[in-house]
Student: 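Please read through the structure below; I'll follow up with questions.
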Amino acid sequence: MADLRDRFDPIPSWARPPEVLVAVPGGAPGAGGHGRLGVPLPAEGDVPPELGLGREQLAAAGLTGEAGTTGLLARPGGGPPLVVFGTGAPEALDATALRDAGAAFAGAAAQEGRLALLLPADSGVDPAAAAQALVEGVLLARYRFEVLKRSPQAVPVVALTLLVAGPDVADAERGARRGLLFARATMLARDLANSPPSLLTAAVLAEVASGLAADTGLTAEVFDQAQLVAMGCGGLLGVNAGSADPARMIKLSYTPAGAAGAGPAGDAAARVTLVGKGVMYDSGGISLKPADAVHATMKNDMSGAGAILAAMSVLRELDCPTAVTGYLMCTDNMPSGTATKLGDVLSIRGGTTVEVINTDAEGRLIMADALVLATEEPTDAIVDIATLTGAAMRALGAEIAGVFGNRQPLVEQVLAAARATDEPAWQLPLSRRYRAELDSDVADVKNMGGPNGGAIHAALFLEDFVAGAPWAHLDIAGPAQNDRATGWRPKGCTGFGARLLTEFLLGFTPPGRPEPGSGEGGEAARDER
């Protein structure tokens with residue numbers, strides 16, 4: 001094990017990014033050619049001339065252009081066959097459909113390391129958005145985590161060329177670069193979540209984060225056990241009490257280009273604080289999880305922290321105008337003779353006491369410390385992300401994240417980022433009528449409510465620690481893990497949240513305080529959403 005730990009790379013995709021190029025069709029290809037060529041085919045309308053056949057001939061060959069379909073077609077002039085991928089009905093074509101189409105093309109050319117595809121002409125989709133979506137679809141569909149295999153089977157994409165009409169080259173280049181960075185963030189998040197917990201401990205993640213920070217223009221501070229004790233982070237320390245591996249809190253900081261984080265107009269940059277759950281492995285602690293397949297997926301319980309680290313790692317390259325602070329709260333949750341017991345009381349930073357009535361409701365405990373820290377520095381909004389509750393997955397299924405918040409404008413920005421990235425999210429009610437279920441007889445609050453409404457209870461618990469600051473909470477327990485590959489989402493850990501957070505930060509606008517009497521942030525504004 002020691003030898004494996006010494007040579008294990010928890011972020012293999014980061015060190016080997018593919019080359020992404022934009023070229024004009026018919027231009028001189030680089031060494032080795034552009035690679036296997038994909039040609040988009042709409043389900044209706046004009047047929048790309050590169051195919052050399054009419055609609056009826058293509059249909060006879062089984063090439064209908066329906067979304068998700070692919071097929072091979074001999075080149076009119078010979079050479080390797082074209083990969084024809086359907087883009088569906090023209091009126092339904094958007095960035096999401098193009099991302100899915102790019103994924104289908106990548107799957108059809110799974111044995112090719114060098115790929116090229118034509119950007120659909122006159123699609124109605126902005127060339128930059130189209131290029132970004134296609135790059136994301138191709139690269140994310142081909143992701144595999146095989147660093148621990150002696151004989152990896154997957155063929156990685158080493159080069160991807162978009163062939164674009166001359167007038168659209170500049171826009172496509174901008175979109176392709178953005179697509180590469182968004183894809184790299186997601187692949188980084190997937191790497192971290194897929195890494196075995198014995199190889200990626202809290203301390204190792206701190207080393208990884210520090211190295212990434214040095215390479216990507218971030219500042220990283222790592223807080224060890226002694227410092228966490230001095231800071232009064234009793235939530236993180238309480239969850240860590242049963243572990244043989246020490247906890248770590250990782251604080252990341254990103255400042256936009258310009259003096260003192262000044263924005264493009266010379267005003268102070270907007271500020272966001274991110275808080276991520278980083279439970280490297282969750283056994284449930286004394287409240288041990290059932291002995292079923294869920295245990296094997298619990299290495300993904302640090303997906304929230306991984307998404308934050310991944311998103312922040314590409315902010316400099318994307319010229320993000322928002323100043324960002326990230327808190328990654330990292331530990332595992334294990335049963336042992338020293339573990340926190342049911343009925344124990346923990347003291348969160350700031351002094352709030354919490355009665356622990358279920359040690360498997362640990363994520364909210366470690367995040368509470370960070371939420372208090374977030375309120376101690378100037379910020380325009382706090383957003384936390386966590387694989388927090390099975391209840392959110394029961395309510396929304398395995399593909400949709402739950403969103404809660406105390407400022408509707410902030411929640412709407414999170415939801416807009418979810419739509420733009422096709423990382424689906426749905427707002428759930430922050431119903432304070434359930435808050436009394438968290439009251440404790442012996443402490444200020446307890447870490448679980450009643451048997452129903454578990455996702456709401458968790459959100460209400462977290463809200464207690466934000467001191468009224470604008471705040472949104474993403475529960476990604478469902479979409480963090482896929483049981484089977486679907487399009488550009490692989491089997492295993494999905495990296496959900498990395499692209500969503502990146503999109504959110506790039507367009508963030510401070511929500512401000514609600515107008516008196518507006519009802520903004522109140523229960524009525526959210527219960528029916």
Side-chain angles (χ1 to χ4, degrees), residues 1-11 147-148 191-211 220-251 276-306 309 327-349 354 356 358-370 386-387 447 493:
M1 173 63 76
D3 177 61
L4 182 57
R5 187 179 291 116
D6 290 342
R7 55 189 171 86
F8 174 66
D9 178 9
I11 51 172
V147 67
L148 292 169
D191 283 349
L192 293 168
N194 278 315
S195 291
S198 59
L199 300 179
L200 186 65
T201 63
V204 173
L205 181 59
E207 294 173 2
V208 171
S210 296
E221 301 173 74
V222 177
F223 299 84
D224 63 16
Q225 295 281 106
Q227 291 168 303
L228 292 169
V229 170
M231 294 169 69
C233 292
L236 181 56
L237 292 167
V239 173
N240 183 250
S243 176
D245 293 312
R248 292 290 186 269
M249 181 175 75
I250 306 160
K251 181 181 180 181
K277 176 185 176 183
V279 175
M280 315 307 293
Y281 179 77
D282 181 20
S283 70
I286 296 297
S287 305
L288 195 66
K289 292 180 184 293
D292 57 23
V294 72
H295 266 287
T297 69
M298 281 299 103
K299 63 183 182 179
N300 80 13
D301 215 19
M302 44 68 63
S303 293
L309 175 57
Y327 287 96
L328 315 184
M329 308 302 285
C330 303
T331 179
D332 50 11
N333 182 28
M334 299 294 289
S336 76
T338 60
T340 292
K341 298 171 284 295
L342 279 69
D344 278 350
V345 174
L346 305 178
S347 178
I348 304 299
R349 179 174 174 85
V354 180
V356 178
N358 189 321
T359 62
D360 198 22
E362 84 296 338
R364 65 201 71 183
L365 297 172
I366 67 176
M367 293 166 69
D369 287 326
T387 46
N447 74 327
C493 299

Student: Please determine which of S195, P197, P196 meets the side-chain contact (heavy atoms from CB on, under 4.5 Å) test together with L199.
Tutor: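 Single pass found, and it is P196.
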
Student: Within the side chain of D369, is there an N or O that forms a donor-acceptor pair under 3.5 Å with the backbone of R349?
Tutor: yes

Student: Test N447 against L346 for side chain to side chain contact (heavy atoms under 4.5 Å, CB included), laying out the working first.
Tutor: CA-CA 10 Å; N447 74 327; L346 305 178; over 6 Å; no

Student: Between T340 and G238 (side chain of the first, backbone of the second, donor and acceptor by atom type, cut-off under 3.5 Å), is there such a pair?
Tutor: yes

Student: Hey, could you give me the CG/CG distance between N300 and L192, rounded to the nearest 0.5 Å?
Tutor: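 The distance works out to 12.5 Å.
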
Student: Kindly state each residue pair satisfying side-chain hydrogen bond (donor to acceptor under 3.5 Å, both in side chains) with at least one member in residues 225-246, sequence neighbours excluded.
Tutor: Q225-N240, N240-T331, S243-D332

Student: Determine the minimum heavy-atom distance between A220 and A209, stating which atoms define it.
Tutor: CB-O, 4.4 Å

Student: Only pairs at least two apart or in different chains count here, so list each salt bridge (Lys or Arg N to Asp or Glu O under 4.0 Å) that has a residue in residues 276-286.
Tutor: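 Qualifying pairs, neighbours excluded: K277-D301, K277-E362, D282-K289.
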
Student: Residues two or more places apart in sequence or in another chain: which of them pass side-chain contact (heavy atoms from CB on, under 4.5 Å) with A202?
Tutor: R248, M280, C330

Student: Distance from M298 atom CE to T387 atom OG1, nearest 0.5 Å?
Tutor: 7.0 Å

Student: Are the side chains of P246 and D224 in touch, meaning some heavy atoms are under 4.5 Å apart?
Tutor: no

Student: Could you report the tightest heavy-atom contact between D191 and P10, atom names first, then the distance?
Tutor: CB-O, 3.2 Å

Student: Report yes or no: does T297 contribute a side-chain atom to a donor-acceptor pair with the main-chain N or O of V294 at less than 3.5 Å?
Tutor: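 Yes, because the side chain of T297 sits within donor-acceptor range (under 3.5 Å) of the backbone of V294.
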
Student: I need the L236 CG to L365 CG distance, nearest 0.5 Å.
Tutor: 10.0 Å

Student: Under the side chain to side chain contact (heavy atoms under 4.5 Å, CB included) criterion, do M334 and Y281 qualify, and how do the steps go?
Tutor: CA-CA 8 Å; M334 299 294 289; Y281 179 77; 3.8 Å; yes

Student: Testing L288, T359, D360 for side-chain contact (heavy atoms from CB on, under 4.5 Å) with S283, which one passes?
Tutor: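 The single option meeting the side-chain contact (heavy atoms from CB on, under 4.5 Å) with S283 is L288.
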
Student: Residues two or more places apart in sequence or in another chain: which of them pass side-chain contact (heavy atoms from CB on, under 4.5 Å) with K341?
Tutor: D344

Student: Please name all residues satisfying side chain to side chain donor-acceptor pair (under 3.5 Å) with D9, sequence neighbours left out, ordered by chain then number.
Tutor: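 Counting only residues at least two positions away or on another chain, D9 forms no side chain to side chain donor-acceptor pair (under 3.5 Å).
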
Student: For A339, which residues count as a side-chain contact (heavy atoms from CB on, under 4.5 Å) partner, sequence neighbours excluded?
Tutor: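 Listed in chain order: I286, S336.
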
Student: Considering the options V222, I366, I250, which one meets the side-chain contact (heavy atoms from CB on, under 4.5 Å) requirement together with L328?
Tutor: I250

